[in-house]
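Report on the following structure.
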Amino acid sequence: VQYLSSEAAIAQQSGDRRTLLRSRRDAALLLIGFWRGFRSDELCRLEVEHVTAKAGEGMSIFLPQSKGDRENRGATYSAPALARLCPVEAYLNWLTVAGMASGPVFRRVDRWGNVGKGGMNPESLVKVLQQTLQRAGIQGQQYTTHSLRRGFATWAAANGWDIKALMLYVGWKDMKSAI
């Protein structure tokens, strides 16, 4: 993610809108995906209208539906504002540079630096993640968007999270998913 920040700074200085947009989007995708443990389809269904973010405070994300929500009631998730690798800052930076006020959060950026109107396809997120990691110097062919979810769980366990708290935070209903 540090690489994406410097990539974005260089792109901004040189006027490379496509690289700036892609870097900001990819940083937001990576950080929200990790810190919330979202599935790829959940990331693709995020809507600007359902996200409230305040720099230095945190963010609230409403998902109208998800895999574990059998009654389709939706659920609200929070994400922290952090000193480093902050999902809130990354999200706000992406919205600002993309000029978005509504609609899907994560959208395609074409080769001319235009932001698409529709949301990204969950299947395309694997390629975006792998390209992002590769640009940062990490060989990412084995990584998928599920790696973000599992990576968060691994991080949380290593930092003393209780298994029930982790399950509640990520949205796992079955203990087998968390182990």
Which heavy atom of Ser102 sits nearest a heavy atom of Glu49, and at what distance? CB-OE2, 2.8 Å

Atom pair OG (Ser23) and CG (Asn93), whose distance is rounded to the nearest 0.5 Å: 11.5 Å

Common cluster, Phe62/Leu168, ILVMFWY with side-chain heavy-atom separation under 4.5 Å: no

Can you tell me if Glu123 has over 12 outside heavy atoms packed within less than 6.0 Å of its CD? no

How close do Arg22 and Val109 get, counting heavy atoms only, and between which atoms? N-CG2, 4.5 Å

How far does CD of Glu47 sit from CG of Leu63, to the nearest 0.5 angstrom? 10.0 Å

For residues Ala81 and Gly56, report the shortest heavy-atom separation together with the two atoms involved. CB-C, 3.5 Å

If only atom types and distance count, is the side chain of Arg25 paired as donor or acceptor with the main-chain N or O of Arg107 below 3.5 Å? yes

Are Glu42 and Arg149 close enough that some pair of their side-chain heavy atoms sits under 4.5 Å apart? yes

Using 0.5 Å steps for rounding, measure from the CG atom of Leu31 to the CG atom of Leu148. 9.5 Å

Polar side-chain atom of Asn114 near backbone of Asp110 as donor-acceptor pair, under 3.5 Å: no

Under 4.5 Å between side-chain heavy atoms, hopping through other hydrophobics if needed: is there a path connecting Ile163 to Phe152? yes

Would you compute the distance between atom CZ of Phe34 and atom CG of Leu129 and round it to the nearest 0.5 angstrom? 12.0 Å

Test your reading of the model: is there a side-chain donor-acceptor pair from Trp94 to the backbone of Val105, 3.5 Å cut-off? yes

Give, for atom OG of Ser60 and atom NE2 of His50, the distance between the pair rounded to the nearest 0.5 Å. 11.0 Å

Here's a test for you: under side-chain contact (heavy atoms from CB on, under 4.5 Å), which of Tyr91, Phe38, Phe106 qualifies with Leu29? Phe106

State which residues pass side chain to side chain donor-acceptor pair (under 3.5 Å) with Asp16; sequence neighbours excluded, sorted by chain then number. Thr19

What closest approach, in Å, do Ala101 and Val48 show between heavy atoms, and which atom pair accounts for it? O-CG1, 3.5 Å

Identify the two heavy atoms, one from Leu92 and one from Ala53, that lie closest to each other, and give their separation to 0.1 Å. CD2-CB, 3.9 Å

Here's a test for you: under side-chain contact (heavy atoms from CB on, under 4.5 Å), which of Val128, Val126, Thr132 qualifies with Gln130? Val126

Could you walk me through whether Leu46 and Ile32 pass side-chain contact (heavy atoms from CB on, under 4.5 Å), step by step? CA-CA 11 Å; Leu46 291 180; Ile32 293 171; 4.3 Å; yes

Distance from Lys127 atom NZ to Met120 atom CE, nearest 0.5 Å? 10.5 Å

What are the two closest heavy atoms between Pro87 and Leu82, and how far apart are they? CD-CD1, 3.9 Å

